[in-house]
Amino acid sequence: MFNLSGKVAIVTGAGQGIGKEIALQLAASGAKVALIDITDRIFDVLKEIKGRGGDGLAIKCDVSSWDDVHRVVGQVLERLGRIDILVNNAGIYPFRPFVEMSEQDWDKVLDINLKGVFNFTRAVLPKMIEQRSGKIINIASIAGSVVGFTNLVHYSASKAGIIGFTRSLALEVAQYNINVNAISPGPIETPGTKVLNKELYDQIRRAIPLGRWGRPEDVANLVLFLASDKSNFITGQNIIIDGGYTLP
Ligand code: NAP
C-alpha cells in the first residue's frame, strides 16, 4: 500500500514485538531497514527480511548509550548512505510500586525510554537536515498521554516526556521538511506483555471496546503511513491506537 523503495529506515527494539513487526513491514514496503536491539534476535529478524526478498542490516546497540548510538548511526550511513525514517521503539516497562522504586529503577527506565529517543534522534538529525527530509516516529504510550497505570510511574513519565519531545522537536525541524510524530498504543500483544497472568490479560481484553488486544501489525500499519509521503502534512502529533480502550 505504501511504497518506500529507495528509503533507509532505522528501527530500535527490532528484536521482537512491535519493533520487529515495524521492521518487517517497512522492509516489505521496499525500505532498507537497519535493525537495532540489545539482543541477538535482530540477526534472525534480518534473516526473515532477506528470506522475503527485503534488505537491511542488524547492529546490536544499547539505545541508552550515546557512544553506542553514535557508532551505529555512523555504520548505517557508511553502509546504506542515507537515513529517511527513524522509528524510536525500544522501551521497557518493568512493573514496580512507586514507594518501592529505587533511583536505579527510575534511571534505567528514563535512560532507555527517553534518553534513547534523544540519542538516536540527535544522531540522525544532521543527515536528515542535510537531505532536507525525514520522518521521525516515536513510540510513546497511552500511559504517557491519556491514562494512569499503577506500578508504572517511571514508564508513564518517560512516555509523557516523549510526547513533549515530539511536539517541540517537530516545531524546530519543520523548516527542514522533517516530520516528527508519536504513536501511543494501548495494550498490544507482544512477548513483553505476554508475561501478564491470564486473569489480567482477560480483564484488559474486556476493557477494550473493539473486543481484542492490539496486534503489533496494528501499530506497524500506522508507522507505515507516518513513514510514507501520504502523511507529509502531519507533524507534532500523538496518535492513539488502542481499540477504544481510553474512550470510556
Ligand atoms: P518488547 O516485546 O519488550 O520488545 C522490546 C525490544 O526492545 C526487546 O527486544 C528488548 O530487548 C529491546 N530493548 C530493551 N532495552 C533496549 C535497549 N537499551 N537498547 C536496545 N533495545 C532494547 O516490547 P513491545 O511490547 O514490543 O513494546 C515496544 C514499544 O512499544 C516500547 O517502547 C513500549 O513501551 C511501547 N508500547 C508497548 C505497548 C504494549 O502493550 N506492548 C503499549 C504501549 C506502548 P529485551 O528483551 O532484552 O528487553
Side-chain angles (χ1 to χ4, degrees), residues 10-25 34-46 58-73 86-95 105 107-120 123 137-149 151-163 165-166 182-196 200-201 203-205 207-208 212-220 222-223 238-243 245-246:
I10 293 179
V11 182
T12 70
Q16 65 177 29
I18 295 171
K20 174 181 172 182
E21 189 59 31
I22 290 169
L24 291 172
Q25 297 283 347
L35 308 159
I36 310 299
D37 201 280
I38 204 162
T39 73
D40 286 335
R41 289 188 296 261
I42 36 171
F43 301 109
D44 293 329
V45 179
L46 182 61
I59 311 174
K60 270 180 85 169
C61 164
D62 176 352
V63 298
S64 68
S65 157
W66 168 253
D67 288 345
D68 249 26
V69 171
H70 192 68
R71 169 184 59 83
V72 162
V73 169
L86 168 66
V87 186
N88 284 308
N89 165 79
I92 57 168
Y93 35 88
F95 289 73
D105 293 332
D107 284 348
K108 186 166 184 201
V109 169
L110 271 289
D111 279 355
I112 295 174
N113 294 9
L114 187 55
K115 190 178 160 206
V117 173
F118 165 79
N119 283 344
F120 258 100
I137 300 153
N138 299 321
I139 307 299
S141 168
I142 54 169
S145 51
V146 198
V147 288
F149 277 98
N151 302 326
L152 284 174
V153 172
H154 47 3
Y155 178 77
S156 295
S158 72
K159 295 300 188 178
I162 288 179
I163 292 160
F165 174 102
T166 299
I183 293 175
S184 280
I188 309 290
E189 256 179 301
T190 67
T193 53
K194 277 203 175 115
V195 298
L196 295 180
L200 186 54
Y201 177 90
Q203 187 190 323
I204 291 172
R205 182 179 43 73
I208 300 174
R212 66 167 174 87
W213 273 64
R215 302 180 188 116
E217 53 266 38
D218 293 317
V219 181
L222 181 52
V223 169
N238 170 45
I239 302 174
I240 291 158
I241 173 162
D242 69 352
Y245 182 83
T246 55

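Whatever order the structure lists them in is the order used to number ligands and atoms, beginning at 1.
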Self-check item: Backbone of I188 reached by a side-chain donor or acceptor of T193 within 3.5 Å
Solution: yes
Self-check item: Polar side chain donor-acceptor pair, D67 to S65, under 3.5 angstrom
Solution: no
Quiz item: Applying the side chain to side chain contact (heavy atoms under 4.5 Å, CB included) test to S64, which of N113, I112, D107 qualifies?
Solution: I112
Quiz prompt | Qualifying residues under ring-ring contact (aromatic ring centres under 6.0 Å, His included), relative to F149, sequence neighbours excluded | solution = none
Quiz item: Under 3.5 Å, is there a donor-acceptor pair between the side chain of H154 and the main chain of P94?
Solution: yes
Quiz item: For ligand 1, what is the set of protein residues having any non-hydrogen atom at a distance below 4.0 Å?
Solution: G13, Q16, G17, I18, D37, I38, T39, R41, C61, D62, V63, N89, A90, G91, I92, Y93, I112, I139, A140, S141, Y155, K159, P185, G186, P187, I188, T190, P191, G192, T193
Quiz item: Do D218 and R215 meet the salt-bridge criterion of a basic N to acidic O distance under 4.0 Å?
Solution: no
